Chemist: 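For reference, the structure I am asking about is given below.
Hydrogens, waters and symmetry mates play no part in the numbers below; they use all other heavy atoms, side chains included. We name chains A, B, ... by the order of the sequence lines, and we start the count at 1 in each one. Treat the numbers as computed from the prediction; the structure is a model and nothing was measured.
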There are 2 protein chains.
Amino acid sequence: MAPRTCSVANALDVVGERWSLLALREVFFGNTRFDQIVANTGASRDVLTVRLKKLVATGLLEKHQYSEHPPRHEYQLTDTGRALHNVFLMLKEWGDDYVTQGPLPLVYQHSCGHVLEPRVVCAHCGEEATLESLSRAGEPTH
Amino acid sequence: MAPRTCSVANALDVVGERWSLLALREVFFGNTRFDQIVANTGASRDVLTVRLKKLVATGLLEKHQYSEHPPRHEYQLTDTGRALHNVFLMLKEWGDDYVTQGPLPLVYQHSCGHVLEPRVVCAHCGEEATLESLSRAGEPTH
DNA sequence: CGAGGTGGGTTGGATTTGCCAACTCACTGA
DNA sequence: TCAGTGAGTTGGCAAATCCAACCCACCTCG
């Protein structure tokens, strides 16, 4: 029996390896150079090299030269990479609420002026997309 | 230099290992028994055993006996576990949009009647919490 | 010029993690 | 008794990760 096909599994094939999401976190934070990512994530250099290569190859990051002499590169988000920020936010929210103990290392303020409390809502009605509020929508879209 | 503390890293310490999120996916879908999770995820039995034990130990799942003769167990979500559904939804959304090719394996309908299009919004103002709309909120909360 | 620093890797060996096939145990029913 | 079910457990191997050291190109400064 073959395991189920699933977009979550497909997504994890791309970003589920150790250090990938934390590398992206650093780029979200504006730290785009190799050594910054190494230092802030704790990843070993060889694994991070492989991870960044894959994130570039799968279209989440682009490698840009920011200095010709000496040649220096940084990693920039693509739209695909930026779209993962939603996952990052919800993972951070869960980590804040249920894992991290003591003072929160990072608190965001939203542009409306309040401390950010992120919610996942339905784009149509604005109500929360809770587990209980969802049903399968019949046939898969073709 | 020590890597940064971060709730995302803390969260990944709990659910970032191979198969953990997919095991939870099965429980979200209502498949709560060991063999169902094995079959639908593709995880090997020994790794899944270890993963489920950890998800129970860290409070995301509870192991309940559903049959005394013979003794049979199932895994149920706790509130902590259920709260990860938001991460699941945003990961699925990203996977749907950027990774999965061809027909989507699963499409949700929201209780409002529309096909679900999940968004991450600020609970206060209802506007989207985009990367650009966030700033650090000064000192960490104590 | 040489030493030291920066950026971004690469390498070999050790350790850890995951996979696989087979096995185990308890229990049930024919 | 045998076969099936549920839920693991085990030994061996493959793959992934870690770690320390090294490498190369380039630059600056004494």
Chemist: Between A:His64 (NE2) and C:dG8 (P), how many Å, whole number?
Modeler: 14 Å
Chemist: Would you mind reading off the distance between B:Gln36 atom CD and D:dG6 atom C1', rounded to a whole angstrom?
Modeler: 11 Å
Chemist: Between D:dA7 and B:Lys53, is there an OP1 or OP2 to side-chain N/O distance shorter than 4.0 Å?
Modeler: no
Chemist: For B:Glu26 and B:Arg33, what are the C-alpha separation, side-chain angles and deciding distance, and is it a salt bridge (Lys or Arg N to Asp or Glu O under 4.0 Å)?
Modeler: CA-CA 9 Å; B:Glu26 287 309 306; B:Arg33 298 185 304 179; over 6 Å; no
Chemist: With a 4.0 Å cut-off, would you call A:Glu17 and B:Arg18 a salt bridge?
Modeler: no
Chemist: Tell me which residues in residues 23-35 of chain A lie within less than 4.0 Å of DNA chain C, going by non-hydrogen atoms.
Modeler: A:Arg33, A:Phe34, A:Asp35
Chemist: Send over the distance from B:Ile37 CD1 to D:dG6 P, rounded to a whole Å.
Modeler: 13 Å
Chemist: If the condition is side-chain contact (heavy atoms from CB on, under 4.5 Å), which residues does B:Thr32 pass it with, not counting sequence neighbours?
Modeler: B:Val27, B:Glu74
Chemist: Measure from NZ or CZ of B:Arg72 to the centre of the six-membered ring of B:Phe34 and say whether it is under 6.0 Å with the direction within 45° of the ring axis.
Modeler: no
Chemist: Base contacts versus sugar-phosphate-only contacts with protein, heavy atoms under 4.0 Å: please encode nucleotides 15-30 of chain C as B, S and - from 5' to 3'.
Modeler: ---SBB------SS--
Chemist: For B:Leu24, run the side-chain contact (heavy atoms from CB on, under 4.5 Å) check against B:Leu52, B:Ile37, B:Leu60, B:Thr41 and tell me which one passes.
Modeler: B:Leu60
Chemist: With a distance cut-off below 6.0 Å to the six-membered ring centre and an angular limit of 45° from the axis, does A:Arg4 pair with B:Phe29 as a cation-pi contact?
Modeler: no
Chemist: Does a side-chain N-to-carboxylate-O contact under 4.0 Å join A:Arg119 and A:Glu127?
Modeler: no
Chemist: Side-chain donor-acceptor pair under 3.5 Å between A:Ser133 and B:Ser111, yes or no?
Modeler: no
Chemist: What is the distance, to the nearest angstrom, from the OH atom on A:Tyr66 to the C1' atom on D:dC27?
Modeler: 13 Å
Chemist: Separation of A:Leu48 atom CG from D:dA16 atom C1', in whole Å?
Modeler: 15 Å
